[in-house]
Amino acid sequence: MTPQTNAEFLSARPQYTQCVSQLHVDEAVDWEATHGLLLRAPKADGLGFVPAPVALGPSPIPRREFDKVAMLQPVFNQLFDRVSRDHEFLTSTLESLGSSDEFTLRVLAMYTRQRLLGVWKPGVVGIHRSDYLIHAPSDEPEASPLAKQVEFNTIASSFASLSSIAGDFH
């Protein structure tokens, strides 16, 4: 199969207006509220919930790029597992943040306390999510679209339980 060019990809993707109508947003929020697609509100007094972030439209990815990132994911998983087991690398890297990332420093403190207490788990499960954007610059019409990894998540994977509800939403 001949790879798709940027020009072909850009012309075939759905066109969305930059301004989604308030009606669509209100309908989406109502649907989320009635179907449990919610997150606990940050620093809420009592029990407050907010709609989970969702895309209002599909984001196409060329099959070739999808297959490539699916093939690479086990390699990334192995890399991240090895990094997570490298105490010296983790502590030196995370300590270098100083006080700029309070959340990460709290996680590092928990990790350090666990290590000092000798707490060790015989097995671990890694739930990883890699986020990609398709790079298809319009000023390179003959080039092929490329998937570019923009983020790797473990903590946000805790929202995995919402994925089936998000699928129903879509």
Side-chain angles (χ1 to χ4, degrees), residues 1 3-6 9-10 13 32 36-45 47-137 139-140 143-170:
M1 175 169 24
Q4 191 177 37
T5 67
N6 286 347
F9 174 77
L10 293 170
R13 71 181 177 168
E32 288 184 78
L37 191 53
L38 303 169
L39 305 174
R40 187 173 206 159
K43 300 187 182 194
D45 294 328
L47 288 178
F49 296 92
V50 295
V54 294
L56 294 179
S59 186
I61 179 172
R63 169 55 68 182
R64 188 184 81 177
E65 292 303 295
F66 176 84
D67 291 342
K68 182 172 69 176
V69 299
M71 180 188 70
L72 284 173
Q73 194 58 49
V75 177
F76 279 131
N77 290 345
Q78 187 175 39
L79 170 67
F80 297 130
D81 179 65
R82 287 183 179 166
V83 167
S84 75
R85 296 170 191 272
D86 187 336
H87 172 73
E88 295 304 319
F89 175 79
L90 280 177
T91 54
S92 66
T93 302
L94 297 178
E95 285 172 347
S96 71
L97 293 173
S99 61
S100 65
D101 186 340
E102 184 180 321
F103 174 78
T104 301
L105 290 176
R106 284 196 322 262
V107 172
L108 177 60
M110 287 188 291
Y111 166 76
T112 302
R113 281 193 304 275
Q114 174 218 2
R115 229 174 122 77
L116 289 172
L117 292 171
V119 176
W120 198 257
K121 298 179 181 181
V124 294
V125 174
I127 300 175
H128 304 146
R129 189 190 84 218
S130 292
D131 296 345
Y132 295 87
L133 291 174
I134 299 301
H135 180 70
D139 62 347
E140 299 175 19
S144 295
L146 298 172
K148 301 282 187 165
Q149 185 177 23
V150 294
E151 189 172 18
F152 169 78
N153 278 292
T154 55
I155 293 174
S157 296
S158 63
F159 297 147
S161 62
L162 297 180
S163 62
S164 63
I165 302 172
D168 292 343
F169 169 83
H170 288 123

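The figures here come from the full heavy-atom set of this structure, side chains too, leaving out hydrogens, waters and symmetry mates. FYI, the numbering just counts along the sequence from 1. Source: prediction; values computed, not measured.
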Atom pair [atom1]/[atom2] of [X] and [Y] - distance to nearest 0.5 Å:
X	Y	atom1	atom2	value
Q73	Y132	CD	OH	5.0 Å
T5	E140	OG1	CD	11.5 Å
R106	D101	CZ	CG	9.0 Å
T112	L116	OG1	CG	6.5 Å
R115	T91	CZ	OG1	8.0 Å
D67	L72	CG	CG	11.0 Å

Residues at least two apart in sequence or cross-chain that pass side chain to side chain donor-acceptor pair (under 3.5 Å) with R13, listed by chain then number, are none
Side chain to side chain donor-acceptor pair (under 3.5 Å) filter on Q4, not counting sequence neighbours, yields none
How close do [X] and [Y] get, counting heavy atoms only, and between which atoms?
X	Y	result
E32	V54	OE2-CG2, 3.8 Å
P60	I134	O-CG1, 3.9 Å
L105	L94	CD2-O, 3.9 Å
R85	V124	NH2-CG2, 3.4 Å

Review point. Is the closest side-chain heavy-atom distance between L39 and P53 below 4.5 Å?
Key: yes
- Task: Report yes if some heavy atom in the side chain of R64 is under 4.5 Å from a heavy atom in the side chain of L146; otherwise report no.
- Result: yes
salt_bridge(D86, R82) N-O dist < 4.0 Å:
no
Specify whether H87 and Y111 have parallel, tilted or perpendicular ring planes, treating 30° as the upper limit for parallel and 60° as the lower limit for perpendicular.
-> tilted
Would you find a donor on one side and an acceptor on the other, under 3.5 Å apart, between the side chain of [X] and the backbone of [Y]?
X	Y	value
Q149	S130	no
E151	D131	no
S92	F89	yes

Centroid separation F76 to F152 less than 6.0 Å:
no
message = Pair L90, V83 - check side chain to side chain contact (heavy atoms under 4.5 Å, CB included), show working.
response = CA-CA 7 Å; L90 280 177; V83 167; 4.3 Å; yes
Side-chain atoms of residues 162-170: list all donor-acceptor pairs with protein atoms under 3.5 Å, sequence neighbours left out, distances to 0.1 Å.
unit_1, atom_1, unit_2, atom_2, d
S163, OG, A160, O, 2.8
H170, ND1, A166, O, 3.1
H170, NE2, A55, O, 2.7

